[in-house]
Amino acid sequence: MPDAMDTIETPILIVGGGSVGLALASDLGGRGVPCLVVEQNERPADHPRATAINARSMEFMRRWGVADAVRQAAAPEDFPHTALYCTSLTGFEIARIERPHHGGRAPTAMSPERAQRCNQIWLDPILCERATSFKSTQLCFRWRFEELRQEAGRVVAIVHDLARDERRRIAARYLIDCSGGHSPIRRALGIEMSGSPYIGYHLSIYVRAPQLWTHHDKGKAALVNFVEPQGLWRNLVTLDGRELYRFGLRGKEFYDDPDKVDVERLFAEVVGKQIPHEIISVRRWTARNVVADRYQVGSVFLAGDAAHLNHPASGLGLNTGLGDAVDLGWKLEAALAGWGGPGLLASYEIERQPVGKRNVGHADTSHANDRNQKPDPAIAEDSPQGARARREMGEAIVRAQTRKFVTDGIALGYRYEPSPICWPDGSPPPPDSVSEYHPTTRPGSRAPHAWLSESRSIIDMFGRGFTLLRFGAGAPDVRSVEQSFARRAVPLTVATITDPAIGQLYERRLVLVRPDGHVAWRSDALPPDPLALADRVRGADAVALGTAAKAEALPIGS
Ligand SMILES: Cc1cc2nc3c(=O)[nH]c(=O)nc-3n(C[C@H](O)[C@H](O)[C@H](O)COP(=O)(O)OP(=O)(O)OC[C@H]3O[C@@H](n4cnc5c(N)ncnc54)[C@H](O)[C@@H]3O)c2cc1C
């Protein structure tokens, strides 16, 4: 490494200022934890990728104070989040899957927030503004990470300041790799990715087509999959609900030679006629369904696409990455503040890698279901055989693919099990469903939503330190727990909730919620050893750490 350069010191270096890097910087900023973000590009990306922001991600946006901004940037409140299957927009409809909990602002029973459709081209500037509103956050565009070295207790990175063509050395206590699917850091650390051997080759075409829905009879829909005798290889994704779309093509021939693709013809075919439109930009991309074998090496942590890649058809890559950022944020704060135990940061991989595998496995299955469809050759024919083929295929699609689009269980029902920093209570697990969310306070779960007042959810209480909830006026006196947490300098707030309905929802008279909103412990009685509880949840329980390390991870596709 070069020597004659000053060293920039920062507690946390985030490589990559995409959505996940910016989300982590936002979370850390809110905690007053300084960080430096280096991003090789000049500004946030301007070609659309992720659009589906699920309810859990919207809960994070709410915590960061940007949920309204995201909603305003998203498709209009009344725009339906329908997934439509048809032969073309002016052709035959085959299937329609509604998503009743998506869009708009009326809360559901599950969450104070609804899933929104806000593409990264609008989300990233919102996160960027929030991250840089903190004096403690520094964001350097056109700084490219080049190499790293791990020394005792710190990471030293060399970055290339592209504007000045100068190298800079950055020394950090922790480096968080948010550099996306092509992560140079993951490669430098020799971390493999495992999972499905499938590789999909795609072309993504950014199109402006004002009021497209006035040119056909299928109405507004968020996603349209075109079913043709050759299979399902093109789709149309609504972006702003007004005039912007992402037109997708799957095929190696498109990927290999984008300049030769007759985009105009292919677009006119799926609409079924010529309509006014403009092609804004065209990009190639590949899809894989794989998860990094390790999320941590020493002081380096992988988050977002650097850690897991999945076909985007189920809308999970970004949402999973935002979950990584939220799991890491408070643990980094605790480690730097000194109250985090030696196992706290190690729990990141133990908790988040199974979630990555679950979501990637779901995306893999869902995409294979579409990809492997073999439509009847008569599917687009105006004939009795065509009508029968469409009816049969439509039924099969709704049966198999509702779980691709209705994913409340994936969004809200993920649990950290095993986790060395949660205290299992031996209760039977609730059903593990993709589509349905079953509220529970079983340790490791997201603490459920309930309204405390017209606009304040119980989940609005979580975010900073730990929260110990007492349910009912007769709940045990928790002074011993408070004293134990204070002895270990673990931030704790105690709150008493007297609403019996919320008490019933929370299932126990005492529920301890972590700063990320997951339940760490619950009981009807005081913990027999409150100091042991404080040590467990701050990652300082050596026995629990040893046990969790041996626990088996879920295989992909489970
Ligand atoms: C067509 C498409 C549609 C999608 N739709 C959805 C969806 O609906 N919902 C969903 O949840 N997900 C979706 N995804 C996935 C989603 O886009 C990704 O999961 C998400 O962008 C990951 O965010 P990230 O911050 O981890 O990585 P990225 O967004 O890729 O950001 C990584 C950043 O790191 C920077 N970087 C890379 N190398 C360096 C370096 N050496 N030095 C400095 N900076 C560097 C890059 O410039 C980039 O800005 C979609 C993806 C695609 C391709």
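When a ligand or atom number is given, it counts from 1 through the structure's own listing order.
- Between Ala52 and ligand 1, at least one pair of N/O atoms sits closer than 3.5 Å.
- In this view, His202 and Trp285, His311 satisfy the ring-ring contact (aromatic ring centres under 6.0 Å, His included) rule, not counting sequence neighbours.
- In summary, the atoms of ligand 1 found under 4.0 Å from a heavy atom of Cys178, numbered by their order in the structure, are 32 (C), 33 (C), 34 (O).
- Where the criterion is an N or O separation shorter than 3.5 Å, residue side chain and backbone included, Leu318 meets it with respect to ligand 1.
- In summary, the atoms of ligand 1 found under 4.0 Å from a heavy atom of Val20, numbered by their order in the structure, are 23 (O), 24 (P), 25 (O), 26 (O).
- Annotation: His277 is not in aromatic contact with Tyr245 [ring centroid separation under 6.0 Å not met].
- At a heavy-atom cutoff of 4.0 Å, ligand 1 is contacted by no atom of His182, backbone or side chain.
- Aromatic ring orientation, Trp233 versus Phe254: parallel (interplanar angle below 30°, classes split at 30° and 60°).
- Residue Leu336 holds its CG atom at 7.5 Å from CZ of Arg173, rounded to the nearest 0.5 Å.
- Here Glu146 has no heavy atoms under 4.0 Å from ligand 1, in either its backbone or its side chain.
- In summary, the atoms of ligand 1 found under 4.0 Å from a heavy atom of Gly315, numbered by their order in the structure, are 7 (C), 8 (O), 9 (N), 10 (C), 11 (O).
- Those atoms of ligand 1 with a heavy atom of Pro184 less than 4.0 angstrom away are 41 (N).
- Residue, atom and distance of the protein heavy atom nearest to atom 50 (C) of ligand 1 are Pro312 CB, 3.3 Å.
- In Leu22, neither the side chain nor the backbone holds a heavy atom less than 4.0 Å from any atom of ligand 1.
- For atom 31 (O) of ligand 1, the closest non-hydrogen atom on the protein side is Gly18 CA, 3.5 Å.
- Although no hydrogens or angles enter the test, the distance criterion places a donor-acceptor pair under 3.5 Å between the side chain of Gln353 and the main chain of Ala292.
- No hydrogens or angles considered: nothing links the side chains of Lys220 and Thr238 as a donor-acceptor pair under 3.5 Å.
- Under the 4.0 angstrom criterion for non-hydrogen atoms, Ser204 is not in contact with ligand 1.
- Counted by atom type alone, His308 and Thr320 present zero donor-acceptor pairs between their side chains at under 3.5 Å.
- When the salt bridge (Lys or Arg N to Asp or Glu O under 4.0 Å) test is applied to Arg43, no partner is found at least two apart in sequence or on another chain.
- For ligand 1, the atoms sitting less than 4.0 Å from at least one non-hydrogen atom of Gly317 are 10 (C), 11 (O), 12 (N), 19 (O), numbered in the order shown with element in parentheses.
- You'll find the ring centres of Phe79 and His102 outside the 6.0 Å limit.
- Taking only non-hydrogen atoms, the option from Leu127, Asp305, Asn359 nearest to atom 19 (O) of ligand 1 is Asp305.
- Nearest non-hydrogen protein atom to atom 21 (O) of ligand 1 is Gln120 NE2, 2.7 Å.
- When the heavy atoms of Glu42, Glu147, His311, Gln40 are ranked by distance to atom 43 (C) of ligand 1, first place goes to Gln40.
- Of the protein's heavy atoms, Ser179 O, 3.2 Å lies nearest to atom 37 (C) of ligand 1.
- Under a 3.5 Å cut-off, the side chain of Ser111 and the backbone N or O of Glu113 do form a donor-acceptor pair.
- With Gln401 contributing its side chain and Ser366 its backbone, the two residues share a donor-acceptor pair below 3.5 Å.
- Across Trp285, Trp143, Phe141, heavy-atom proximity to atom 53 (C) of ligand 1 is greatest for Trp285.
- Asp408 CG to Arg99 CZ: the interatomic distance, rounded to the nearest 0.5 Å, is 10.5 Å.
- Assignment of Gly321 to the shell around ligand 1 is not supported, since no heavy atom sits closer than 4.0 Å.
- For atom 5 (N) of ligand 1, the closest heavy atom belonging to the protein is Ala50 CA, 3.1 Å.
- Taking the ring centre of Tyr437 as origin, the terminal cationic atom of Arg56 falls outside the region bounded by 6.0 Å and 45° from the ring axis.
- Distances below 4.0 Å separate heavy atoms of Gly180 from the following atoms of ligand 1: 27 (O), 30 (O), 32 (C).
- A donor atom on one side chain and an acceptor atom on the other are found under 3.5 Å apart for Thr7 and Arg169.
- Near Gly304, meaning under 4.0 Å from one of its heavy atoms, ligand 1 places the atoms 26 (O).
- Atom numbering of ligand 1 starts at 1 in the shown order; those under 4.0 Å from a heavy atom of Asn41 are 47 (O).
- Considering each of His202, Glu39, His308, Arg49, the one bringing a non-hydrogen atom nearest atom 52 (C) of ligand 1 is Arg49.
- Residue Val38 touches ligand 1 through its backbone alone, judged by heavy-atom distances below 4.0 Å.
- The parts of Phe145 lying near ligand 1 are both backbone and side chain, judged by heavy-atom distances below 4.0 Å.
- Relative to the six-membered ring of Tyr414, Arg352 meets both conditions, a distance below 6.0 Å and an angle of at most 45° to the axis.
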